[in-house]
Amino acid sequence: MKTLLEKFIYFLISLFVFLLLFKIVAWIANTHIPLNTQAQLISGIIILPVIAVLSIILSNLLVKSIKESK
């Protein structure tokens, strides 16, 4: 039960970090990149997986730091 709870908390932290990074990248893209299909395709193929990997890494570091602080 404890590992299930830890995995759920890890998932929530990872989801929160992903959504936060997605909002930041979307805001930057909307202000600086013109809207066309090529930019959207590059965003979907390259930037979204990078954001997903980065959110997993950041949430892993955050969970480790929380565990070590106890």
Side-chain angles (χ1 to χ4, degrees):
M1 185 69 174
K2 186 176 179 182
T3 59
L4 185 63
L5 182 63
E6 287 179 2
K7 288 182 181 182
F8 183 70
I9 291 171
Y10 177 75
F11 173 74
L12 287 178
I13 291 172
S14 159
L15 182 66
F16 175 74
V17 170
F18 177 80
L19 291 175
L20 182 69
L21 289 173
F22 184 75
K23 296 261 183 193
I24 291 170
V25 169
W27 177 73
I28 291 171
N30 285 337
T31 57
H32 298 292
I33 298 174
L35 183 63
N36 58 22
T37 56
Q38 185 178 10
Q40 290 176 344
L41 184 64
I42 290 172
S43 174
I45 292 175
I46 296 172
I47 295 175
L48 283 177
V50 170
I51 291 173
V53 170
L54 192 61
S55 71
I56 291 170
I57 291 170
L58 289 175
S59 63
N60 190 12
L61 291 173
L62 187 62
V63 169
K64 279 185 181 180
S65 69
I66 291 171
K67 281 184 181 180
E68 289 176 0
S69 69
K70 289 184 179 180

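Note that the structure is a prediction, hence the values are computed from the model and not measured.
In the hydrophobic clustering, where aliphatic and aromatic side chains (Ile, Leu, Val, Met, Phe, Trp, Tyr) are joined below 4.5 Å either directly or transitively, I24 groups with L20, W27, I28.
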(Q) Working note: F8 + L4, criterion side-chain contact (heavy atoms from CB on, under 4.5 Å); need CA distance, chi angles, decisive distance, verdict. (A) CA-CA 6 Å; F8 183 70; L4 185 63; 5.8 Å; no
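Linking ILVMFWY side-chain heavy atoms closer than 4.5 Å, directly or via other members, places I57 and F16 in two distinct hydrophobic clusters.
Taking CD1 of I56 as the reference point, atom CG of L61 lies at 12.0 Å (rounded to 0.5 Å). Within the model, atoms CD1 of I9 and CD1 of I66 stand 8.5 Å from one another, a figure rounded to the nearest 0.5 Å.
Atom CZ of F22 has 12 or fewer neighbouring heavy atoms from other residues, nucleotides or ligands inside a 6.0 Å radius.
Side-chain contact check for N60 versus Y10: some heavy-atom pair is nearer than 4.5 Å. The shortest side-chain heavy-atom distance between V17 and S14 does not fall under the 4.5 Å cut-off.
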Enumerate donor-acceptor pairs with a distance under 3.5 Å from any side-chain N or O in residues 44-55 to protein atoms, sequence neighbours excluded.
| from | atom 1 | to | atom 2 | distance (Å) |
| --- | --- | --- | --- | --- |
| S55 | OG | I51 | O | 3.4 |
| S55 | OG | A52 | O | 2.8 |

